[in-house]
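Just below is one structure, and these are the notes that go with it.
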Amino acid sequence: MATKITKAVIPAAGLGTRFLPATKAMPKEMLPVVDKPAIQYVVEEAVAAGLTDVLMITGRNKNALENHFDRMTELESTLQQKGDTDRLSKVEFSNDLADMHYVRQGDPRGLGHAVLRAKMHVGHEPFAVLLGDDLIDDRDVLLSRMLEEQEGRNATIIALMEVDPAQSHMYGIATVEPTDDPDVVHITGLVEKPAQGTALSNLAIIGRYVLRPEIFEVLERTDPGKGGEIQLTDALQEMAENDIAGGVYGVVFRGRRYDTGDRLDYIKAIVQLAVERDDLGPDLRPWLQQFSATLD
Ligand code: G1P
């Protein structure tokens with residue numbers, strides 16, 4: 001019987017240089033998306049899919065992440081004394097959301113290197129990896145579908161999404177062949193951030209993976225690739241090419257994804273999420289319409 005997957009790994013050691021100076025003394029994962037730090041959306045997504053054991057790969061300057069998922073006794077008792085139960089429940093929500101674990105990456109040498117830091121914690125079980133720059137709308141299903149596919153195929157599963165070909169140099173790009181399921185493809189090749197105009201498809205890896213533990217052995221022998229970093233995509237390419245541990249399949253996601261990885265996409269993500277909120281949308285929508293009419 002397949003082991004039930006319970007572990008999620010969230011790499012969060014990046015320096016966030018695209019958001020300087022905001023990220024000088026604060027991790028980029030704590031940047032608010034409306035009123036919640038980006039990282040909390042990702043942990044909530046993992047928990048919603050049943051992954052309650054969360055390992056965060058952090059680095060220097062990341063104490064705020066640990067604090068966010070822990071009690072904040074002074075703040076909690078102040079809110080309690082004021083009888084502000086609404087805010088108190090918002091503060092307390094992230095305390096016990098998941099069983100949180102942390103390991104530091106030391107030298108950030110790429111996403112593959114970050115995932116390798118999870119080896120001891122994960123052991124010999126399949127596990128999920130969620131990248132914090134990609135937020136998946138909680139009304140659309142992705143991770144639980146990937147977990148089902150992993151159980152069914154006992155292979156490695158990655159999330160793919162069709163992107164504008166002009167953007168393909170910003171992603172890992174997959175070449176695929178169809179399966180008998182229209183939402184699932186068999187991966188025949190992967191290239192990390194191909195040079196502009198050279199991508200072999202418009203199917204991009206988005207930051208959700210359900211990996212088999214064999215990935216660790218492959219990562220250990222993966223040489224630095226794009227940008228001099230150990231790339232997870234390169235290790236997955238080897239698994240796909242040599243059909244290691246059942247090969248690699250992709251679940252094609254057609255739902256709503258918000259990118260918070262750079263400043264422009266981050267602003268768009270906040271606006272998109274805020275207009276849908278019951279507490280902010282009704283006031284924000286007409287204001288946005290008026291404001292956009294003033295733009296030429
Ligand atoms: C990483 C992966 C890339 C993937 C992307 C998705 O890149 O290396 O293959 O397409 O996440 O967001 P990053 O954006 O962290 O440079």
Side-chain angles (χ1 to χ4, degrees), residues 8-19 23 27-29 31 33 38-39 41-42 45 56-59 105 108-118 128-137 142-143 146 156-176 185 187 189-196 198-211 215 218-219 222-241 248-253 255-266 268-269:
V9 172
I10 304 181
L15 297 175
T17 46
R18 281 182 280 193
F19 286 91
T23 49
K28 70 164 179 178
E29 293 79 10
L31 288 170
V33 177
I39 193 73
Y41 288 85
V42 182
E45 181 190 336
M56 225 172 256
I57 317 291
T58 67
Q105 196 182 354
R109 288 166 48 211
L111 178 58
H113 180 246
V115 171
L116 199 45
R117 298 288 294 126
V129 172
L130 292 84
L131 306 188
D133 286 348
D134 291 298
L135 302 187
I136 303 295
D137 198 297
L142 175 60
L143 190 54
M146 294 173 72
T156 294
I157 313 291
I158 63 178
L160 299 174
M161 194 164 186
E162 283 184 16
V163 294
D164 175 353
Q167 309 268 297
S168 49
H169 64 287
M170 292 157 62
Y171 295 93
I173 296 293
T175 42
V176 303
V185 288
I187 308 282
L190 290 165
V191 179
E192 178 65 7
K193 305 197 177 104
Q196 215 146 12
T198 67
L200 294 173
S201 90
N202 66 340
L203 279 178
I205 306 177
I206 52 171
R208 300 292 179 270
Y209 309 79
V210 183
L211 302 174
I215 191 74
V218 180
L219 280 169
T222 300
D223 291 326
K226 195 95 196 170
E229 297 190 333
I230 298 172
Q231 296 293 349
L232 180 58
T233 306
D234 293 346
L236 290 167
Q237 154 63 15
E238 191 188 325
M239 294 190 79
E241 190 182 348
V248 184
Y249 290 82
V251 167
V252 182
F253 181 61
R256 287 157 283 195
R257 161 184 173 261
Y258 311 97
D259 186 349
T260 59
D262 72 35
R263 291 171 303 168
L264 183 60
D265 287 327
Y266 171 72
K268 289 181 191 169

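Every number for a ligand or one of its atoms is a count from 1 in the order of the listing.
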Donor-acceptor contact present, side-chain R109 to main-chain P224, <3.5 Å: no
Spacing of L130 atom CG and L143 atom CG [to the nearest 0.5 Å]: 5.5 Å
If you look at each N/O of ligand 1, which protein N/O atoms lie under 3.5 Å away, and at what distance?
residue: ligand 1; atom: 7 (O); partner: K193; partner atom: NZ; Å: 3.3
residue: ligand 1; atom: 8 (O); partner: E192; partner atom: OE1; Å: 3.4
residue: ligand 1; atom: 8 (O); partner: E192; partner atom: OE2; Å: 2.7
residue: ligand 1; atom: 9 (O); partner: G172; partner atom: N; Å: 3.1
residue: ligand 1; atom: 9 (O); partner: E192; partner atom: OE1; Å: 2.6
residue: ligand 1; atom: 9 (O); partner: T233; partner atom: OG1; Å: 3.2
residue: ligand 1; atom: 10 (O); partner: G172; partner atom: N; Å: 2.9
residue: ligand 1; atom: 10 (O); partner: I205; partner atom: O; Å: 2.7
residue: ligand 1; atom: 12 (O); partner: D134; partner atom: OD2; Å: 2.8
residue: ligand 1; atom: 16 (O); partner: K193; partner atom: NZ; Å: 2.6

Backbone N/O of G16 and side chain of T23: donor-acceptor pair under 3.5 Å: yes
Check ion pair K28-D133 (N to O, under 4.0 angstrom): yes
Backbone of K226 reached by a side-chain donor or acceptor of Q231 within 3.5 Å: yes
A174 to I187 - nearest heavy-atom pair and separation: CB-CD1, 4.0 Å
